[in-house]
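Everything on this sheet refers to the single structure shown next.
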2 protein chains.
Amino acid sequence: MRALSKATIYALRALIYVASKDNKDQQYVTIGEISEELNISFHFLTKTFQVLTQNGVLESHRGPHGGVLLKKPIDRIFLIDLVHILEGNDFFEKCLLGLPGCGEKEPCPVHNFWKNVKGSLEKEFEKTSLAHLIKGISTGKMRI
Amino acid sequence: MRALSKATIYALRALIYVASKDNKDQQYVTIGEISEELNISFHFLTKTFQVLTQNGVLESHRGPHGGVLLKKPIDRIFLIDLVHILEGNDFFEKCLLGLPGCGEKEPCPVHNFWKNVKGSLEKEFEKTSLAHLIKGISTGKMRI
DNA sequence: TTATATTAAGACAATTTTGTCCCAAAAATA
DNA sequence: TATTTTTGGGACAAAATTGTCTTAATATAA
Ligand code: SF4
Ligand code: SF4
């Protein structure tokens, strides 16, 4: 099951990279560095980072010593927001069978079943922040 | 979140259609009828149905009065098996970040989180059969 | 045995997603 | 001001997925 597009996966890995870099003086991190470290296409990552910048997740700065940095503390950046931005606000509304023009009123056979699954996933995303995600990295037991 | 490919979605809807048709004398149902009723491309559905036939979910028969029918009782056809056949056996092994060559030994930040989500989804698929999925159709309160 | 109905199979086209490339815009600095 | 470094943005290419079409194989029945 691929829950997320590659573009989103790249963005998440990149954000985890930035978040896990303890960067007290808040220096900008270049997309070049990130893409190189994580082996992600520079231009592809740049494009999806633009979306994050436009949506207030990242702050970007051009020119020498430029780059990107997180606009909020890592414990206030939640997976659910990232997913809404990157995959669309209807991410958790999409359904298993994807029938046209259906819903609560006239639900298909899997409607209630899927509603539960989605519900628990959504809760999980709501309570998971970048801070949670980078736990374990510092100990060296996890990697991106 | 699109959990399943369109090919799989079509197959599931088609199977639900066949299963919900109470067909005591076990007549073959033509793919033509199914594709027309559900507005699915005939040829596309035919191809994914071939996979189901090759994997013992459907029995097919060519020629006049031919078609397909379920090879097992509807309460013995489980979502998890269909998904394994249609999406690959690694469906529930795929991970959120999809890093190359990682796993339990050297897990990434989201590994444990995702493991739980996948686990509950898998259980849900294991216990859901076609029989469960067609409930509510007979009452006319649900549709495919 | 011929015509017909149906699935099987594979070639091909369209669309979407992913990835590459080029140049413009902005900022620092020399 | 000129040069360099960096993101921004768009055109284009490649790959994967989805959809269409044509022909073959098989079974039924007239
Ligand atoms: S009834 Fe619900 S689960 Fe079924 S296709 Fe519609 S939204 Fe999806
Ligand atoms: S460590 Fe686990 S969750 Fe992370 S990329 Fe690997 S398999 Fe996926």
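None of these values were measured; they are calculated from a predicted model. In what follows, chains carry the letters A, B, and so on, assigned in the order in which the sequence lines appear, proteins first and then strands, with residues in each chain numbered from 1.
F49(A) has its ring centre no less than 6.0 Å from the ring centre of F42(A).
Of the candidate nucleotides dG19(D), dG19(C), dT7(C), dG19(C) has the atom nearest to the side chain of F44(A). Considering only side-chain atoms of P64(A), the nucleotide from dT26(D), dT5(D), dT20(C) that sits closest is dT5(D). Of the listed nucleotides (dT20(C), dA24(C), dT18(C)), dT20(C) has the atom at the smallest distance from the side chain of H43(A). Closest to the K47(B) side chain, of the nucleotides dT7(C), dG19(C), dG19(D), is dG19(D). For S60(B), the side-chain atoms get nearest to dA8(C) when compared with the rest of dT28(D), dA8(C), dG19(D).
Distances shorter than 4.0 Å separate some side-chain N or O of Q54(B) from OP1 or OP2 on dA9(C). Side-chain N/O atoms of S5(B) include none lying less than 4.0 angstrom from OP1 or OP2 on dT17(D). A sub-4.0 Å separation between OP1 or OP2 of dA9(C) and a side-chain N or O of Q50(B) is present.
In this structure, the NE2 atom of H65(A) is 8 Å from the P atom of dA30(C), given to the nearest Å. The OH-P distance, from Y10(B) to dT17(D), rounds to 15 Å in whole Å. Distance CD1 (I31(B)) to P (dA8(C)): 6 Å, rounded to an integer number of Å. Protein atom CD of E59(A) is 15 Å distant from nucleotide atom C1' of dA26(C), rounded to whole Å. Atom CG of L45(A) is separated from atom C1' of dT7(D) by 12 Å (rounded to the nearest Å).
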Item checked: Full working for salt bridge (charged side-chain N to carboxylate O under 4.0 Å, His left out) between E37(A) and K21(A) -> CA-CA 12 Å; E37(A) 287 295 323; K21(A) 241 193 129 147; over 6 Å; no

Note to self: For T46(A) and H43(A): C-alpha separation, side-chain torsions, deciding distance, then whether side chain to side chain donor-acceptor pair (under 3.5 Å) applies.
What the structure shows: CA-CA 5 Å; T46(A) 291; H43(A) 293 283; 5.5 Å; no

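Projected onto DNA chain C by closest heavy-atom contact, R2(A) and H61(A) fall at different nucleotides, the more 5' of which corresponds to R2(A).
The closest side-chain heavy-atom distance from N23(B) to L69(B) is not below 4.5 Å.
Counting only distance, with no hydrogens or angles, the side chain of K118(A) and the backbone of F92(A) share a donor-acceptor pair below 3.5 Å.
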